[in-house]
Amino acid sequence: LPITVRSLSEAMGRPAKAIMSIMFKEFGEMVTINQIIEEETALAVALELGVDLTFKRQKGIEETVNEIIEQEDASEDLITRPPIITVLGHVDHGKTTLVDSLRNSKVVEGEAGGITQHIAAYQVEHNNHKLTFVDTPGHAAFSEMRSRGANVTDMVVLVVAADDGVMPQTAESISHVKASGVPMVVAMNKIDLPEINEQKVLTDLAAQDVLPSEWGGETEVVRVSALNGTGLDNLLETLLLTAELHELKANPNRPAVGVCLEGFRDEGRGSVAWLIVQKGTLRIGDAVVCGKSYGYIRAMYDDRDQQLEEAPPSLPVKVTGLDSVPGAGDHFAVLSDIEQARELAEERRHEGRTDTLARHSGGPRTLDDIMGSVREGEIEDLSLIIKADTPGSLEAIRSEISKFEHPEVRVKILHEGVGGVNESDVYLATASDAIIIAFHVVAEDRAKNLAVQEGVEIRRYSIIYEVVDDIRQSLEGLLRPEL
Ligand code: GDP
């Protein structure tokens, strides 16, 4: 259908002036904001801006599925579900050991056996309450999921080694958790070691704006030894209390929807996927679409490889029956009809996308794009991730930015750190629509590629005042693209 420049701009979430400029550059036409342009042209302009609008026209299955996924349940249908927990922290502080020992200490005697396959998540029981742990510790995985619109984590355990304190990846994790708004419990680990400094850990945390509850703050800090098991019950207790406070609920009586944590190919069983149910109950025989895959659930196993008939909310299960291997972060939904599932999966394959739910419209989110949204009143915050060569530079940039005042926009520093731009920064930027400022540093190669793929802008600077200057100019719509 023909569309005005204004409506196209709204449909894409991009400034009208970007459309006008492409109309001029690519089609040699000067258009006004109220001018009507043809459908073909509109789609082409959108593609130039990195937005594929073709699928937005095809309502139908995709939309139906998104409605199923997002459909709100009546409060009387909701029952309490176990919390889904991810463990984050600096390398070598004991994440893997903690995840393993929680699992081992809580596996019901005699049930364990023959587990050779990788486990993506597991459930434990403590005082008759269940807790689900995601078995891929680390903030990269956490934020990668979030950047894909798959917010499975309800709570985070931040592991901080008592002999080491807050380290760079601890600080990164804290920034990721804050940006996600997910509650966090700190596990002060390795308290069995002789050379520890509990006060330093607490002071370090406070310096990151994570105030321990024993100092009047909101964050519980539990002393544990992942190695010998000290304090693990206490940790589970604290997690259950936190979960209770946040009233995690789901309706078990509806078609299941959730997220794929991981997929792989198994010699005997074909494509296998670890799914975590978020709402509803998943059953053998259900017709499922998961990203670009579809099929009937043929068999279902828990983390001990025991066969299950059904999976309630928050239970991670390994399923077989999908026609191909889905990816981590793909949403799944049970449909009433396998034909619908097949059609949708094939449509997605054809268009080279997994699903549209809670995703970005695609294409780069530049400083200009974000400021355009600010001008149009869609957002009020400009989120920055700042990486610099020295603590002094960071300090100087922070102080310069704090002087920036504007009635329409607040500049928020989501994360700052010394060193090159890494993948974790890019995932954080994607998940939070942030811009990365690289001051006298460059991006690691993998981060650079990821940024291109995810449409994250990395702006390099070597003069401090230019950072704020650019923000101001962009806000006024004056910024010229970097060459
Ligand atoms: P990750 O990199 O955070 O996953 O850390 P790991 O779980 O691999 O642990 C790093 C090292 O710390 C290993 O050698 C562990 O055995 C050791 N470690 C982990 N937890 C504890 C603990 O509570 N006490 C002691 N003494 N060592 C621990």
Side-chain angles (χ1 to χ4, degrees), residues 84-107 112 115-122 124 126 131-146 152-153 155-177 180 182 184-202 204-205 208 210 212 219-239 261-262 274 303 316 328 415 417 419 422-425 427-428 444 446:
I84 302 172
I85 301 158
T86 301
V87 176
L88 307 183
H90 193 71
V91 64
D92 279 347
H93 279 200
K95 297 181 295 292
T96 312
T97 311
L98 181 66
V99 162
D100 289 349
S101 60
L102 283 171
R103 178 170 145 76
N104 295 332
S105 68
K106 292 293 165 180
V107 170
I115 308 152
T116 45
Q117 287 281 358
H118 174 68
I119 290 156
Y122 61 84
V124 300
H126 181 72
L131 304 98
T132 300
F133 285 89
V134 177
D135 199 18
T136 339
H139 53 292
F142 174 74
S143 269
E144 180 178 358
M145 279 286 199
R146 266 195 358 103
V152 286
T153 301
M155 290 193 304
V156 162
V157 172
L158 179 71
V159 177
V160 186
D163 61 340
D164 210 15
V166 169
M167 298 303 281
Q169 289 162 17
T170 321
E172 284 178 13
S173 302
I174 291 172
S175 300
H176 284 245
V177 175
S180 72
V182 169
M184 175 172 88
V185 169
V186 174
M188 193 197 287
N189 192 32
K190 309 199 184 184
I191 53 152
D192 56 290
L193 291 177
E195 304 277 307
I196 60 168
N197 189 343
E198 298 189 16
Q199 291 304 307
K200 177 178 184 295
V201 174
L202 300 179
D204 284 358
L205 287 169
Q208 299 284 328
V210 176
T219 309
E220 298 295 335
V221 179
V222 185
R223 273 73 165 170
V224 301
S225 166
L227 201 61
N228 67 22
T230 310
L232 295 191
D233 280 350
N234 213 343
L235 178 63
L236 293 175
E237 198 66 46
T238 308
L239 288 168
L261 295 173
E262 209 176 300
W274 273 100
D303 54 82
H415 175 67
N422 60 29
E423 287 174 289
S424 147
D425 297 324
Y427 281 126
L428 181 58
E444 295 167 7
R446 283 166 57 176

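Numbering of ligands and ligand atoms starts at 1, following listing order.
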List the atom pairs, donor and acceptor, that lie under 3.5 Å between side-chain atoms in residues 187-196 and the rest of the protein, sequence neighbours left out.
residue, atom, partner, partner atom, Å
N189, OD1, A226, N, 2.8
N189, ND2, H93, O, 2.8
K190, NZ, D92, O, 2.7
D192, OD1, S225, OG, 2.9

Residues passing the side chain to side chain donor-acceptor pair (under 3.5 Å) test with E262, sequence neighbours excluded, are H118

Could you verify whether a donor N or O on one side chain and an acceptor N or O on the other, from E172 and H415, lie under 3.5 Å apart?
-> no

Mind checking salt bridge (charged side-chain N to carboxylate O under 4.0 Å, His left out) for E220 and listing every partner two or more places apart, or none if nothing turns up?
-> none

The answer, listing residues by chain and number that come under 4.0 Å of ligand 1 through any heavy atom, is H90, V91, D92, H93, G94, K95, T96, T97, N189, K190, D192, L193, S225, A226, L227

Could you check if a side-chain atom of V177 sits within less than 4.5 angstrom of a side-chain atom of L158, using non-hydrogen atoms only?
-> no

Within-4.5 Å side-chain heavy-atom neighbours: T132 and P316 | yes

